[in-house]
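Reading through the structure tokens given below for one structure.
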Amino acid sequence: MEIKRDVYLNRLIVRKHNGFIKVITGIRRCGKSYLLNTLFYNHLIAEGIAEDHIIRFAFDSADDLIKIGEDPIILDNEREDRKVDPTKFLHWLQPQIADKNMHYILLDEVQKLGAFESVLNGFLRKSNLDVYVTGSNSKFLSKDILTEFEGRGDEVHVLPLSFSEYYAFKGGDKSEAFDDYSIYGGLPAVTLMATEEQKTNYLISQMQNLYLRDIKNRYSLQDDVTLGEVLDVIASGISTLTNPRNISNTMNTVRGGNICDATVDRYIGHMEDAFMLTRVKRYNVKGRKYIGTPYKIYFEDIGLRNARLKFRQIEGTHIMENILYNELRYRGYQVDVGIVEVRERDAEGKENRSQLEIDFIATLGSKKYYIQSAYAIPDQAKYEQETASFDKTMDSFKKIIVVEKSMKPRRDEKGYVMMGVKEFLLDKESLEA
């Protein structure tokens, strides 16, 4: 049984023949190569494309490197300062794309190819080539990679498994599946593992020996301990407002040391570039403008966040909010944290100002939704607290409250919809409920 990634597969399919380099990005181990070389390849075959017009090459494969006369020892060089010779690769490729029919070029770990930017830009000048690439580590993993292709790169960003993808593969009791997903996340390799011990050891090891090591090597960081400590503070405070100064103050007060705001900001940027986490700015709903700081930080995979904390800080409220954030991104929405400014006069006529938060503003074209991640609403007072920001928006966009317990969508007299998180995540049309 294969793990299906239909959403991402369809995003590749609709981009066929668009004249752009299709760039598949995402955190390492999220399934980029599987999407391209298995799922998309199988789609092309099913569409009747001849196998000899689908050229697959993995620059991290010893078998493929031998095909072009390159020494596989390159694979053992962690620093990646030795690249695959582009001349050897092009000499191997040219005879295979000699006719004028359409050829599909699927390149994996393309950052290991020397001068890969020039090679790919050369492909753009050939009308019979449709090019798809994945990469990880080094600068290819940077979120700015599209600038390398002269404005003709088209990104498909792949997240770890959403809960719906995870549950479609795992099945079973929905509540148990969600509990497991909330702890171990959605990296495909973890989903395939049978025991908690396997999952725990894998995630802890990958966080330390893959993700953080890559950042250290890429940026030649001497102090990887401080990088880890910054990550610890972020992991402890997901879904809460923060900024570099708050993080540095926490580190200097609690842990000792003298780290500055600029260093914290730089380290956060490194982790963003590696797609480990995302900073989410606040948006003033009435003022229609962004507020730079403070902001919220969410992890690309909640299992990696939990692993960084050795699974000692499993708070359902914050974890559910992180999962909802990733779900909205999975569905293709631009996601902001919303604030609504409120001005009220007290009994003495003095004006008081306050800000009410909307957890997420999800926007896609003309569609917009306000979403609160409430976890639990035990009484009317809590309900009014959670919906107070909705009341003050003074607009007609749909407003949704998501709670942890199972609950089919229900609408109140104001038109606000409340539903359970599992129902929200498993129904692709839940925003329209």
Side-chain angles (χ1 to χ4, degrees), residues 4-8 10-11 159-182 186 239 280 283 285 298 302 316-338 340 356-433:
K4 294 185 177 181
R5 313 295 312 262
D6 289 346
V7 166
Y8 298 113
N10 290 331
R11 287 174 186 170
L159 292 159
L161 300 180
S162 68
F163 180 62
S164 59
E165 291 175 313
Y166 174 89
Y167 186 71
F169 179 77
K170 298 289 284 188
D173 181 82
K174 293 178 183 178
S175 294
E176 290 180 3
F178 183 72
D179 288 344
D180 192 70
Y181 182 81
S182 297
S239 80
V280 184
Y283 181 75
V285 174
Y298 297 101
I302 199 65
T317 305
H318 300 315
I319 287 174
M320 190 179 95
E321 186 173 322
N322 200 135
I323 290 172
L324 285 173
Y325 170 74
N326 285 335
E327 174 69 19
L328 294 169
R329 293 173 61 212
Y330 165 71
R331 297 188 187 188
Y333 286 85
Q334 169 67 41
V335 186
D336 303 307
V337 173
V340 182
L356 302 176
E357 183 177 296
I358 299 173
D359 288 329
F360 302 120
I361 303 175
T363 307
L364 181 62
S366 61
K367 297 180 180 179
K368 181 182 287 189
Y369 304 89
Y370 298 137
I371 300 157
Q372 292 287 46
S373 176
Y375 196 78
I377 299 185
D379 51 41
Q380 184 63 25
K382 177 64 174 177
Y383 184 79
E384 291 175 359
Q385 176 187 335
E386 291 290 344
T387 59
S389 56
F390 288 173
D391 296 339
K392 300 297 183 180
T393 59
M394 308 300 289
D395 61 36
S396 59
F397 293 113
K398 190 165 185 179
K399 301 168 178 68
I400 301 170
I401 309 103
V402 181
V403 296
E404 188 274 336
K405 74 173 184 178
S406 291
M407 176 188 297
K408 292 182 179 180
R410 68 185 189 199
R411 191 182 304 269
D412 70 6
E413 68 279 1
K414 295 179 181 178
Y416 305 158
V417 175
M418 182 187 296
M419 69 179 77
V421 65
K422 293 176 283 294
E423 287 76 13
F424 181 87
L425 297 172
L426 293 176
D427 180 2
K428 65 181 181 179
E429 301 298 330
S430 58
L431 287 169
E432 302 299 330

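Heavy-atom basis, side chains included; hydrogens, waters and symmetry copies ignored.
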Q. Can you tell if the side chain of Tyr375 reaches within under 4.5 Å of the side chain of Val403, non-hydrogen atoms only?
A. no

Q | Atom pair OG (Ser373) and CD (Glu404), whose distance is rounded to the nearest 0.5 Å | A | 10.5 Å

Q.
Surrounding NZ of Lys174 (heavy atoms of other residues, nucleotides or ligands, distance under 6.0 Å), is the total greater than 12?
A. no

Q.
So which atom in Ala362 and which in Ile371 form the shortest heavy-atom distance, rounded to 0.1 Å?
A. CB-CD1, 4.3 Å

Q | Shortest non-hydrogen contact between Ile319 and Ser182, atoms and distance | A | CG2-O, 3.6 Å

Q) Looking only at heavy atoms, which two atoms of Glu357 and Ser389 are closest? And how far apart? A) O-OG, 3.1 Å

Q. Any idea how Tyr166 and Tyr181 line up, ring-wise: parallel (<30°), tilted (30 to 60°), or perpendicular (>60°)?
A. tilted

Q | Candidates Leu324, Asn322, Val335 - the one meeting side-chain contact (heavy atoms from CB on, under 4.5 Å) with Tyr298 | A | Asn322

Q) Is there a donor-acceptor contact under 3.5 Å from the side chain of Glu321 to the main chain of Gln372? A) no

**Q.** Nearest non-hydrogen partners of Ala374 and Ile401, listed with the distance
**A.** CB-CG2, 3.7 Å

Q: State, to 0.1 Å, how close Leu431 and Lys398 come at their nearest heavy-atom pair, and which atoms those are.
A: O-NZ, 3.1 Å

**Q.** Presence of salt bridge, Arg5 and Glu165, under 4.0 angstrom
**A.** yes

Q. Does the pair Phe360 and Tyr283 meet the rule for a ring-ring contact (aromatic ring centres under 6.0 Å, His included), with working shown?
A. CA-CA 10 Å; Phe360 302 120; Tyr283 181 75; over 10 Å; no

(Q) Do Arg331 and Phe424 form a cation-pi contact, if we require the NZ or CZ to be under 6.0 Å from the six-membered ring centre and within 45 degrees of the ring's axis? (A) yes

